Amino acid sequence: MADTSEHTGTQQPQPRKASWKHIGPGIVVAATGVGAGDLVATLIAGSNFGYTLLWAAVIGCLVKISLAEAAGRWHLSTGRTLFDGWASLGRWTTWFFAVYVVVWGFVYGAAAMSSSALPLQALFPDVMDLKWWGIACGLVGLVFVWFNKYAVFEKVMTVLVGVMFVVTVYLAIRVTPNIPDAFAGLLPVLPDEKDSILNTLGLIGGVGGTITLAAYGYWVNAKGWTDTGWMKVMRLDNRVAYATTGIFVIAMLFVGAELLHSANVAIASGDKGLIQLGDILEKEYGSATAKFFLIGFFATSFTSLIGVWHGVSLMFADFVARLSGRGQAKGEEVASGERERSWPFRAYLLWLTFPPMILLFEGQPFRLIIIYGVLGAAFLPFLAGTLIWLLNSPRTPREWRNGPVSNVMLAVAGLLFLILCVKQIWDQPWGEFF
């Protein structure tokens with residue numbers, strides 16, 4: 001049954017001043033959302049089209065700002081968690097999330113461990129095989145998240161983001177970008193190629209996170225922000241998150257445009273494309289630059305690993321708490337650290353770590369990968385649609401409901417991700433599935 005109360009509290013919390021010293025969850029969501037795959041996609045866009053799609057990368061950041069801000073606003077304005085909001089929309093949201101979080105976690109766990117292992121194997125080629133590096137990364141992530149609470153987690157993520165920032169900006173400067181062409185790339189022009197619209201939409205949609213956008217509200221609560229007094233702080237934090245994401249993405253597009261496009265060099269999609277880039281950098285600028293890049297590659301992949309290990313486990317713990325019939329799931333419970341100490345949090349950590357190790361040895365099962373791809377493509381339309389629903393209804397206090405700009409941005413995001421979802425489903429080899 002939907003909660004249709006107006007939430008008219010008698011006393012509003014005093015607004016806190018938006019200060020840089022509070023920044024934290026935004027850094028976490030930026031680090032988690034930008035994985036190796038995002039950097040490769042942007043790199044390939046730069047390689048194929050030069051600076052032409054720079055505007056699409058910027059729009060991608062703006063779209064994700066709107067989604068993350070909406071998730072954070074729900075948590076702060078209602079005092080309830082996002083899953084509690086989803087549950088109020090009907091039982092179908094519970095079933096969708098249950099299937100999604102199990103299948104997605106199983107496949108993503110293997111992908112994250114493999115992605116973190118690739119740069120380590122390149123840096124230390126004679127130490128051990130890729131799969132053992134992957135297992136080591138998974139175990140380190142498990143132990144780190146298991147024994148540390150949000151405050152320590154945030155500090156480590158901030159350090160790793162610093163490494164990512166220095167490496168990507170250094171590379172962008174090193175390849176000597178063509179600034180006039182870069183500014184021209186801010187004009188919304190489509191490449192003169194087949195499927196250019198879908199490729200452009202894919203770049204917009206691929207900038208900076210999927211389920212981690214939903215996890216942002218949980219990190220906001222874990223930081224200790226639980227009421228509307230933190231709204232200005234959250235909005236500044238969120239803008240910093242996607243400004244940071246934008247810098248990562250634009251820097252890699254510069255590298256693709258200057259280092260690959262001008263030399264007509266193609267690289268593979270996926271994480272192995274970054275290994276190829278390391279080889280190209282070594283030939284062009286020497287081994288020191290290549291190793292420096294591999295360190296940044298590891299920071300990028302490992303922040304995504306521990307970010308998902310922490311953030312999605314928080315969401316799963318909240319899902320179980322709400323499912324167990326304990327009433328409304330509140331942000332104060334996340335802020336208290338109760339969720340991080342709970343058995344569902346740790347059970348999902350184990351699910352992300354140990355079962356996916358099978359895939360490191362056996363390869364990824366064909367049917368499971370198709371289901372994973374479809375569920376992953378469906379999550380962002382689900383997130384955008386449910387946020388529009390929740391934030392335009394009496395479930396949200398009137399003051400904090402969507403305005404016209406928020407509704408337009410969320411609607412654009414929902415339409416964009418719905419198109420990409422349909423394309424993803426259409427492109428799957430269903431004939432081989434059955």
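What you see is a predicted model, and the numbers here were worked out from it, not measured in a lab.
If you check the side chains of S115 and S301, you find a donor sitting under 3.5 Å from an acceptor. Side-chain contact annotation: N178 with Y51, donor-acceptor N/O pair under 3.5 Å absent. R339 and N221 are not linked by any side-chain donor-acceptor pair at a separation below 3.5 angstrom, with hydrogens and angles left out of the test. Using a 3.5 Å distance cut-off with no hydrogens or angles, the side chains of E69 and Y242 do not pair a donor with an acceptor. For the residue pair W219 / H310, a side-chain donor-acceptor distance below 3.5 Å is found, with atom types taken as modelled. A donor atom on one side chain and an acceptor atom on the other are not found under 3.5 Å apart for T78 and R395.
Residue W55 comes nearest to L186 through the heavy atom pair CB-O, 3.4 Å, listed as atom of the first residue, atom of the second, then distance. When all heavy atoms of W351 and V102 are compared, the closest pair comes out as NE1-O, 3.0 Å. Across all their heavy atoms, A117 and G134 have their closest contact at CB-N, 3.3 Å. V255 and A172 get closest at one heavy-atom pair: CG2-N, 4.1 Å. Taking every heavy atom of both residues into account, M157 and A31 meet most closely at CE-CB, 3.8 Å. T200 and A56 make their closest contact through CG2-CB, 3.8 Å (heavy atoms, listed as atom of the first residue, atom of the second, distance).
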List the atom pairs, with distances to 0.1 Å, where a side-chain N or O of residues 408-424 and a protein N or O form a donor-acceptor pair under 3.5 Å, not counting sequence neighbours.
from, atom 1, to, atom 2, distance (Å)
K423, NZ, D427, OD2, 2.8

If you look only at distance, which donor and acceptor atoms sit under 3.5 Å apart when one is on a side chain in residues 375-388 and the other is two or more places apart or in another chain?
from, atom 1, to, atom 2, distance (Å)
T386, OG1, W86, NE1, 3.0
T386, OG1, F382, O, 2.8
T386, OG1, L383, O, 3.1

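For F153 and W309, the ring centers sit 6.0 Å or farther from each other. Taking the six-membered ring for Trp and the full ring otherwise, the centers of Y170 and F292 sit less than 6.0 Å from each other. You'll find the ring centres of Y216 and H75 outside the 6.0 Å limit.
By the 4.5 Å heavy-atom criterion applied to side chains, P25 and W225 are counted as neighbours. A heavy-atom distance below 4.5 Å is not found between the side chains of L39 and F297. Using a 4.5 Å heavy-atom threshold, the side chains of W146 and R346 count as touching. The side-chain heavy atoms of E282 and L277, taken from C-beta on, include no pair separated by under 4.5 Å. Side-chain atoms of F83 and T93, non-hydrogen and from C-beta on, never get closer than 4.5 Å to each other. Put simply, the side chain of I135 does not reach to within 4.5 Å of the side chain of M113, judged on heavy atoms. A heavy-atom distance below 4.5 Å is found between the side chains of F319 and T94. Using a 4.5 Å cut-off on side-chain heavy atoms (C-beta onward), L390 and L82 make contact.
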>> Could you walk me through whether F106 and V103 satisfy the side-chain contact (heavy atoms from CB on, under 4.5 Å) test, starting with their C-alpha distance in whole Å, then the side-chain angles of each, then the deciding distance to 0.1 Å, before giving a yes or no?
In response: CA-CA 5 Å; F106 181 59; V103 175; 5.9 Å; no
> side-chain contact (heavy atoms from CB on, under 4.5 Å) between N48 and H261: does it pass, once the steps are laid out?
Replying inline: CA-CA 6 Å; N48 291 340; H261 182 69; 5.9 Å; no
> Can T42 and L53 be said to form a side-chain contact (heavy atoms from CB on, under 4.5 Å), step by step?
Replying inline: CA-CA 9 Å; T42 312; L53 292 180; over 6 Å; no
> side-chain contact (heavy atoms from CB on, under 4.5 Å) between F302 and V140: does it pass, once the steps are laid out?
Replying inline: CA-CA 10 Å; F302 195 65; V140 169; 3.8 Å; yes
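Expressed to the nearest 0.5 Å, how far CD of E284 lies from CG of L259 amounts to 5.5 Å. Note that the CD atom of E340 and the CZ atom of F147 stand 14.0 Å from one another [nearest 0.5 Å]. The line from OG1 of T52 to CG of L253 is 9.0 Å long, rounded to the nearest 0.5 Å. Expressed to the nearest 0.5 Å, how far OG1 of T212 lies from CG of L67 amounts to 10.5 Å. For the atom pair N407 CG and L391 CG, the distance stands at 8.5 Å (nearest 0.5 Å). The distance from atom CD1 of I250 to atom OG1 of T245, rounded to the nearest 0.5 Å, is 10.5 Å.
In K149, the NZ atom is crowded: over 12 heavy atoms of neighbouring residues, nucleotides or ligands sit closer than 6.0 Å. Heavy-atom neighbours of R174 CZ from other residues, nucleotides or ligands within 6.0 Å: above the threshold of 12.
The backbone N or O of T300 lies less than 3.5 Å from a partner atom in the side chain of T303, making a donor-acceptor pair. Using a distance-only test at 3.5 Å, with no hydrogens or angles considered, a donor-acceptor pair links the side chain of R401 to the main chain of S393. Using modelled atom types, no side-chain atom of D227 and backbone atom of G79 make a donor-acceptor pair closer than 3.5 Å. Counting only distance, with no hydrogens or angles, the side chain of S114 and the backbone of A111 share no donor-acceptor pair below 3.5 Å. Of the possible donor and acceptor atoms, none in the side chain of D318 sits under 3.5 Å from a partner among the backbone N and O of L314. Between the side chain of R80 and the main chain of G85, no donor-acceptor pair closer than 3.5 Å is present. At distances below 3.5 Å, not a single donor-acceptor pair connects side-chain atoms of T32 with backbone N or O atoms of V29. Side-chain atoms of T396 do not come within 3.5 Å of backbone N or O of N392 as any donor-acceptor pair.
The aromatic rings of Y100 and F97 sit tilted relative to each other, their planes meeting at an angle between 30° and 60°. Classified by interplanar angle (parallel below 30°, tilted 30° to 60°, perpendicular above 60°), the ring pair F316/Y348 is parallel.
Screening V167, I173, T168 against L171 for a side chain to side chain contact (heavy atoms under 4.5 Å, CB included) leaves a single residue, V167.
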